[in-house]
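So the structure is just underneath, and the comments pick up after that.
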Amino acid sequence: MIVNDIISLPCFDVFDGLGDFIQLLPNMPLNNECSNSTSTTGSEDQNSDTESSDRCDSVTSSSDFECSRQSFTSRDSSKHSSPSSSPPKTITLDKVMASVRDLSNLSLAHEIIVNPSFHFEQPNLPKNSLEKRVKDILHKAFWDCLESDLNDDPPEYENAIKLLEEIREILLSFLNPGANRMRTQIMEVLDIGLIRQQAENEAVDIQGLAGYIITVMGKLCAPVRDDELKNLKENSGNIYLSMFPREIFRVLDLMKMDMVNFTIQSFRPELQKQSVEYERAKFQRIVERIPNALDRTTDWIKASLEEVLVSLPPASQSCLSEKGVKTLPSPMLVLNTAYIRLLSGNNHKSVFPETLMMDEVRVRELQQQLQLLQMVASVLLIVYSAVGEPISDLPALAERLKKMTSILLEGIHHLDFNLSEALENVGTQICCELNKSLTERNYPALPPNVQMTLKGQICSIIQENNPIRTLVEGRVQQYLTSFLTIPNFHHMPPPMPGGLALIQPELRALGTSYVALVNFNKQVYSPFYMGILKDLLFSSTHQEMAPVSNDSE
């Protein structure tokens, strides 16, 4: 029985996915050795958001958009400018499995590229889960069997020798290609043939082998594992039965995880350079194999296109129609509208397009943040409109009210959240806070009728088409739309619309995160989007086209 049969080492499976990326980097040497100077679990990158935004700006060049726009406005555009979205009529199991592998690699690549803090951690199964209980039982059975083998008279070394062979292969995998001296030494000391001969003569030096293994591990591990190696050395007296090789394998698992994270960290800059081409090519392979692979994306863009066409000025439409020319919106206007619709949509009902599935968790988190921010802004706008001058120019009070409202409305996105009750509590707490602040500044407390009216207005936010909430949501969409059309948005963000000043820091941070994600998505998938837009527009008419100019695009 070999220990890998029962001890899962999922971190090494990551290299199957990384292999695709490494092939894109022929001029970059692969270093698998985790040196003492390398630690992947140290301090986080404090400038990760800015770097991510800079990267997205740099990759969002005009070249692909120009190519896509030409594809959009020309029915005879070349095939390479618009990836094929025509699926095969039949699909085999092999194609499904190949698509699953492509999707897995694509998801891993995307996460590494867009998430600067992405790293792997040891799996931590729930304490009372069935999986953990089964795993613990199997592990205990194996180690108990090994201990029994070593306690036999004479000792049975076969399973221990197999473990030594596994340990040797793991240690060798940590070495870089140039570490020939250490590689030779490990092969000589952990010579499995020699150890088998020693076992036959009951002359195996388990203590000596374990001590050598621990010494080599100390040379190869990251500094963060120094304490683990120190504990191994200090307990080497008990290593014969209780600790060897269980504790050694535990620390080796941690070292494997360190090596995977170190490899990801090392290759991330090069992966980012290749990211657009890699993701687009992988996604194209999936589209070619899977029927209806872009159905959701098509519905998403179609809904946005219909919204934009309805909003076109009637005068412009009639003028162009007299000339027999079809009015077309800017492709980027349609896409930006689609992205805003997605972010502002209902968190529970919105269906994500296939091209954004890998960012669904991130977008849903931003949806939840935006929903909370809009509700907080609506409450504060009501409060400051009702009370007015006595509480104006009090930033500390504004911050307290915002924090209090945010806490009471936290979890608003949950299906079982009682929004009516939460808004009642918000109204009560705000009235108490306002009265306290007013009396401290020698103003009269709010009269009961004013408090009742204020609470009622706050509770009425939940009503459909509430004018305050509608106003706030409209201005938020206006602000986020401006974010999407401004280059270098993190250096010069758009001006904040009136009524949103109290949530400006949070809304600006949300806009920065979302637009960075959107810009990268545009760069990768814009050829697919333009192909879908062209199909939607040309499916109903073959009239001459005159794209509507949009100065903001």
Side-chain angles (χ1 to χ4, degrees), residues 1-13 34 122-123 125 131-175 179-221 225-259:
M1 185 178 193
I2 300 176
V3 70
N4 275 352
D5 292 338
I6 61 170
I7 300 181
S8 60
L9 302 173
C11 59
F12 258 33
D13 295 340
C34 297
Q122 284 290 100
L125 299 175
E131 185 178 359
K132 180 173 174 56
R133 291 201 301 271
V134 171
K135 182 179 178 180
D136 290 344
I137 291 171
L138 290 175
H139 280 215
K140 186 177 186 303
F142 177 82
W143 297 119
D144 287 349
C145 179
L146 178 66
E147 184 172 353
S148 176
D149 288 346
L150 295 175
N151 281 327
D152 284 347
D153 189 14
E156 173 57 54
Y157 289 108
E158 185 57 32
N159 284 332
I161 291 173
K162 289 181 179 180
L163 295 181
L164 284 173
E165 188 172 7
E166 287 194 33
I167 291 172
R168 184 187 68 180
E169 295 307 313
I170 294 172
L171 293 178
L172 292 175
S173 71
F174 291 149
L175 303 178
N180 295 325
R181 180 180 298 179
M182 182 170 287
R183 187 182 307 275
T184 301
Q185 184 188 78
I186 291 174
M187 292 297 293
E188 290 177 352
V189 176
L190 299 179
D191 185 334
I192 302 303
L194 178 61
I195 294 174
R196 274 203 167 89
Q197 293 178 12
Q198 294 173 345
E200 292 173 359
N201 296 299
E202 300 184 24
V204 179
D205 183 8
I206 296 291
Q207 289 278 2
L209 293 174
Y212 173 75
I213 291 170
I214 294 172
T215 300
V216 174
M217 290 169 61
K219 295 178 180 179
L220 299 177
C221 74
R225 304 301 171 199
D226 287 347
D227 289 342
E228 299 283 353
L229 267 297
K230 182 180 179 181
N231 290 335
L232 281 178
K233 292 177 181 178
E234 290 177 351
N235 294 296
S236 60
N238 301 324
I239 203 166
Y240 184 73
L241 294 178
S242 63
M243 190 178 69
F244 175 76
R246 186 186 310 191
E247 286 300 302
I248 288 178
F249 268 101
R250 184 184 65 81
V251 178
L252 284 174
D253 283 352
L254 297 175
M255 291 173 62
K256 290 179 184 180
M257 197 69 68
D258 293 341
M259 187 177 74

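- Remark: Lys230 does not engage Asp226 in a salt bridge, criterion side-chain N to carboxylate O under 4.0 Å.
- Annotation: side chain of Asn231 is not in contact with side chain of Val251 (no heavy-atom distance under 4.5 Å).
- The backbone N or O of Asp144 lies less than 3.5 Å from no partner atom in the side chain of Ser148, so there is not a single donor-acceptor pair.
- By the 4.5 Å heavy-atom criterion applied to side chains, Leu171 and Leu252 are counted as neighbours.
- Taking CZ of Arg196 as the start and CG of Asp191 as the end, the distance is 10.5 Å to the nearest 0.5 Å.
- Here Ile186 contributes atom CD1 and Leu175 contributes atom CG; the two are 5.0 Å apart, rounded to the nearest 0.5 Å.
- Here the side chains of Ile248 and Met217 are in contact, with some heavy-atom distance below 4.5 Å.
- The side-chain hydrogen bond (donor to acceptor under 3.5 Å, both in side chains) test applied to Gln185 returns Tyr212, not counting sequence neighbours.
- When each of Lys140, Arg133, Lys132 is paired with Asp136, the salt bridge (Lys or Arg N to Asp or Glu O under 4.0 Å) condition holds for Lys132 and for no other.
- Within the 4.5 Å cutoff, side-chain heavy atoms of Asp253 are placed close to those of Lys256.
- Not counting sequence neighbours, Glu169 has no partner by the side-chain hydrogen bond (donor to acceptor under 3.5 Å, both in side chains) test.
- How far CD of Glu165 is from NZ of Lys162: 9.0 Å, rounded to the nearest 0.5 Å.
- Between Arg250 and Glu247 there is a side-chain heavy-atom pair separated by less than 4.5 Å.
- Taking CG of Asp258 as the reference point, atom CZ of Phe174 lies at 8.5 Å (rounded to 0.5 Å).
- With rounding to the nearest 0.5 angstrom, the CD1 atom of Ile161 is 8.0 Å from the CD atom of Glu156.
- A donor-acceptor contact shorter than 3.5 Å links the side chain of Ser173 to the backbone of Ile170.
- Between Arg168 and Met187, the closest side-chain pair of non-hydrogen atoms falls below 4.5 Å.
- Looking only at side-chain heavy atoms (C-beta outward), Leu146 and Leu163 come within less than 4.5 Å of each other.
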| query | Can you check side-chain contact (heavy atoms from CB on, under 4.5 Å) on Leu209 and Ile195, steps first, answer last? | reply | CA-CA 10 Å; Leu209 293 174; Ile195 294 174; 4.0 Å; yes

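- Between the CE atom of Met257 and the CZ atom of Arg225 there is a distance of 9.0 Å, given to the nearest 0.5 Å.
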